[in-house]
Structures are given as C-alpha cells and as structure tokens.
Amino acid sequence: MEWETVIGLEIHTQLKTKSKIFSSAATAYGAAPNTQACGVDIALPGVLPVMNREAARMAVKFGLAIGATINQTSVFARKNYFYPDLPKGYQISQLELPIVGQGSITVDVNGIKKTIGITRAHLEEDAGKSLHEDFHGMTGIDLNRAGTPLIEIVSEPDMRSAAEAVAYLKSIHSLVRYLDICDGNMQEGSFRCDANVSIRPQGQEEFGTRTELKNINSFRFVEKAIEFEVERQIDILEGGGRVVQETRLYDADNHQTRSMRSKEEANDYRYFPDPDLPQMVLDDADIEAIRAELPELPDARCQRFVTDYGLSDYDAETLTANRELADYYEQAVATLPDQPKLVANWVNGELAAGLNRENLAITNSPVSAIMLGELVTRIDDNTISGKIAKEVFEAMWSG
Ligand code: ADP
Ligand code: MG
C-alpha cells in the first residue's frame with residue numbers, strides 16, 4: 001500500500017516588542033531569573049493587564065503580509081490550566097475571534113511552488129519556565145518569559161511531506177524576520193513549532209488520525225521528527241493496529257518520538273472571554289497605516305533580483321532567503337552595478353563558505369559589503385585575476 005503524509009504546523013513566534021504583552025516589564029532574553037517579572041507577570045492579586053499596542057501592530061503586519069483577513073474586532077480569552085510556570089492559572093490567548101484570520105503563503109519546494117493555507121494567527125502570552133538544573137533536586141521557576149507576546153500561526157493540513165513542512169517553516173521564518181516582528185532565534189525559543197502528522201492510503205479523501213509533535217526548535221529536527229513519526233504510523237497501520245490521537249515529544253538524541261499525553265487525558269481548557277480586557281478594535285486607518293509600513297517582502301524582492309539584476313531563480317532565492325543577506329548583496333552591487341552576476345557568485349561562493357565555516361551571521365562578516373564590492377571591482381577592471389582575488393579575499397577575511 002502507498003501512504004500519503006498529511007501535515008499541519010502550529011508555529012509559536014515571539015514578537016520583538018520591548019515590553020510584555022500585558023505589562024511594562026522588559027522582554028530581553030538572558031536576564032537573571034525573575035528580574036523581569038512585574039506584578040502582572042507573577043499574578044499578584046488586584047493587578048490588571050493592559051494590551052501592548054506594538055504587539056497588535058506586529059500581528060497585523062504579519063496578517064497583511066500573508067493576505068489574511070484582519071479581524072477589526074478581536075477578543076482575548078482565558079485558557080485555563082494548572083502548571084507551576086503559570087501563576088495566574090490561565091493563559092491569555094484568543095480563541096473565537098483571533099486578530100488574524102485566513103491567509104496563505106506560497107513556498108518553493110525543490111523548485112516547485114506550492115500554496116499553503118494559514119487558518120489563523122492569534123495573539124497570546126508565553127508562560128514562564130521551569131528550571132530543573134542546579135537546584136539540588138528541586139525545580140526553580142523563572143517568570144521572565146511569562147507575558148512575552150506571541151503569535152501562534154496555525155496552518156491548514158496542506159503539507160504532504162517533511163520537505164514541504166520544512167520549506168513552509170523556513171518561509172514563515174524568513175517572512176517574520178523581513179517584517180522585523182521576531183528575531184527568529186530558534187535556540188532561544190523565539191520561533192518554535194508543533195507538527196501535526198497523519199497518514200492515509202494514497203487516493204483516500206478522509207484524513208487519518210493525527211499525532212502532535214511538541215515544541216520542535218530546529219529545521220533539521222522538524223524534518224527528522226516528521227520522518228520518524230510517518231514511519232512509526234506506517235508500521236502501526238501495516239501491522240493491523242490503529243494510530244492513537246496523542247501528543248508526542250521528539251527526542252533528538254535517540255531519534256524517536258514518545259508519548260506525552262493522549263487526547264483522552266487532554267485538558268479541558270474552559271475558555272471564556274477575559275473580563276479584564278476589552279475587545280480590541282482596529283479601524284481602517286490603523287490597518288492602512290500598518291500596511292504603508294510593510295517592507296518589500298521576500299517573494300517580491302526575489303522577483304526583483306531576477307528582473308533587475310538578471311540573476312537566476314536559484315541565485316535570487318539564495319540571496320533573498322534572509323533580509324540581511326539581501327541587503328548585503330545590494331550594498332555590494334551598488335559599488336559595481338554592471339556586474340550583478342559576478343557579485344552574486346562571490347556572495348554565494350567565497351563569502352557564504354567563510355560564514356558557514358566559522359558559523360557566522362552575515363551581519364558579523366569580517367568582510368563588509370563595500371569591501372567585497374571593491375574587491376570584485378578590481379577583478380572587473382582586470383587589476384587582478386579571479387585566482388589572485390581569492391587570496392586577497394582570504395587576507396581581508398583574516399584582517
Ligand atoms: P489543537 O489545539 O488540537 O492542536 P488546532 O486547531 O490548534 O488544534 O491545530 C490543529 C493543527 O493540526 C492544524 O495545524 C491542522 O492543520 C492540523 N491537522 C488537523 N487535522 C490533521 C490531520 N488529520 N493530519 C495532520 N494535521 C492535521
Ligand atoms: Mg495543537
């Protein structure tokens with residue numbers, strides 16, 4: 001039997017605001033535990049949440065960039081559950097009326113374009129963290145992260161392979177960084193996802209039972225976790241069993257997934273509208289003002305690189321995969337506008353290799369865009385050969 005994989009992702013994206021979603025405490029990462037948690041974040045009695053306008057603006061920016069419906073009236077709801085890192089006993093989220101409704105994004109999967117539906121993106125607060133290390137057998141609670149603004153981006157079950165899921169995740173990652181609404185740091189948990197996975201016999205209309213893989217924070221793990229889970233489900237079904245709807249954890253060290261909780265044990269969150277927060281109302285002028293601030297988006301920039309600079313689709317896609325790299329390229333090209341292809345070769349070649357080798361971000365490149373542009377200019381005017389230029393590049397790289 002041939003099996004078809006069905007995947008839907010829920011992506012938690014931390015918004016890059018200075019202060020929290022409902023309080024004025026700082027959101028900066030890495031501070032000493034509980035130094036960035038005010039009365040609202042630690043849930044002292046009598047405190048009241050106040051919505052951070054900037055978080056709403058960032059959510060709308062995302063919605064506009066994926067062509068989504070913006071709900072001009074949206075409602076915050078309490079999601080009730082007990083956990084030590086959630087002192088209020090509920091998370092403030094959105095259920096029935098999220099700020100961002102249906103939209104979509106087109107992604108490139110090995111040269112083939114595919115449009116993935118996005119069901120919704122809602123605003124919510126993050127919880128705190130339990131720290132299990134260094135406490136002599138006890139667990140510590142750090143509430144610095146409590147109240148950090150998130151948007152949870154929920155996709156339709158439109159992906160059909162681990163490769164498509166990774167392409168989608170990368171596109172959303174690139175988009176939120178272009179929009180400057182998230183720092184995209186996956187190690188620090190600023191961008192993480194849950195993958196919902198099911199399989200069905202090829203040609204069958206009805207979806208199979210899904211499992212949900214929790215909190216995956218790297219592109220490679222998403223791919224591996226999904227591939228492992230698909231194999232596990234195939235083995236179960238081919239062995240005559242049935243897949244149980246449950247939440248599973250991916251264990252990267254042992255390359256396996258294991259059960260966390262079944263749907264029967266799943267919480268009843270008793271959602272209801274939060275009486276402490278008014279409905280959030282956006283008027284047309286608010287939305288148009290945000291639209292006017294949208295930067296050039298990755299797709300448009302990629303198209304422009306093909307038409308204006310005569311680059312191949314491949315070069316244009318590589319160079320526009322992140323905003324800083326595209327900026328670097330354009331700055332370098334500005335020094336010799338009639339050699340866009342040669343500059344692209346250097347950026348995608350020697351420079352990319354150097355950054356890769358030393359695991360550096362483009363913003364920390366020892367060779368600036370202007371320096372690279374000037375080096376390529378010397379090749380272009382025949383002062384030096386390409387071979388010599390490589391030696392010069394190495395010398396510039398090492399200072
Ligand atoms: P929950 O709160 O139970 O996780 P959500 O509606 O927030 O529910 O998210 C469900 C996610 O699971 C969505 O991304 C959706 O596309 C995906 N999904 C739903 N059914 C299936 C299925 N049969 N196989 C794979 N993914 C699915
Ligand atoms: Mg889920």
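First listed ligand is number 1; within each ligand, the first listed atom is number 1.
Ligand-side atoms of ligand 1 in range of Ser198: 22 (C), 23 (N), 24 (N), 25 (C), range being under 4.0 angstrom from any heavy atom. Within ligand 1, the atoms closer than 4.0 Å to a non-hydrogen atom of Val6 are 24 (N), 25 (C), numbered from 1 in the order shown. Each of the following atoms of ligand 1 lies closer than 4.0 Å to a heavy atom of Phe207: 23 (N). Counting atoms of ligand 1 from 1 in the listed order, those under 4.0 Å from a heavy atom of Ser155 are 13 (C), 14 (O), 15 (C), 16 (O). Here is the list of ligand 1 atoms found below 4.0 Å of a heavy atom in Glu156: 16 (O).
Ligand 1 has a nitrogen or oxygen under 3.5 angstrom from a nitrogen or oxygen of Gly208. The shortest N or O to N or O distance between Glu152 and ligand 1 is not below 3.5 Å. Residue Pro157 has at least one nitrogen or oxygen atom sitting less than 3.5 Å from a nitrogen or oxygen atom of ligand 1, judged on distance alone.
Panel note: side chain Asn144, backbone Ala32; a donor-acceptor pair is recorded below 3.5 Å. With hydrogens and angles disregarded, a donor-acceptor distance shorter than 3.5 Å links the side chain of Asp158 to the backbone of Gly117.
Under the 6.0 Å cut-off for aromatic ring centres, Phe228 and His255 qualify, their centroids lying closer than that.
Under 4.0 angstrom from ligand 1, there are no non-hydrogen atoms of Thr119. Using a 4.0 Å cut-off between heavy atoms, Val154 contacts ligand 1 through its side chain alone, with no backbone atom that close.
By the 6.0 Å and 45° rule, Arg78 stacks over the aromatic ring of Tyr90.
Distance check, rounded to the nearest 0.5 Å: CG of Asp126 to OG1 of Thr27 gives 11.5 Å.
Comparing Lys214, Arg210, Arg200 by heavy-atom distance to atom 27 (C) of ligand 1, the nearest is Arg210.
In this structure, a donor-acceptor pair under 3.5 Å is absent between the side chains of Thr318 and Asn348.
Ring pair Phe219/His173 is perpendicular by interplanar angle, where above 60° counts as perpendicular and below 30° as parallel. Between Trp346 and Phe393, the angle of the ring planes lies from 30° to 60°, which puts this pair in the tilted group.
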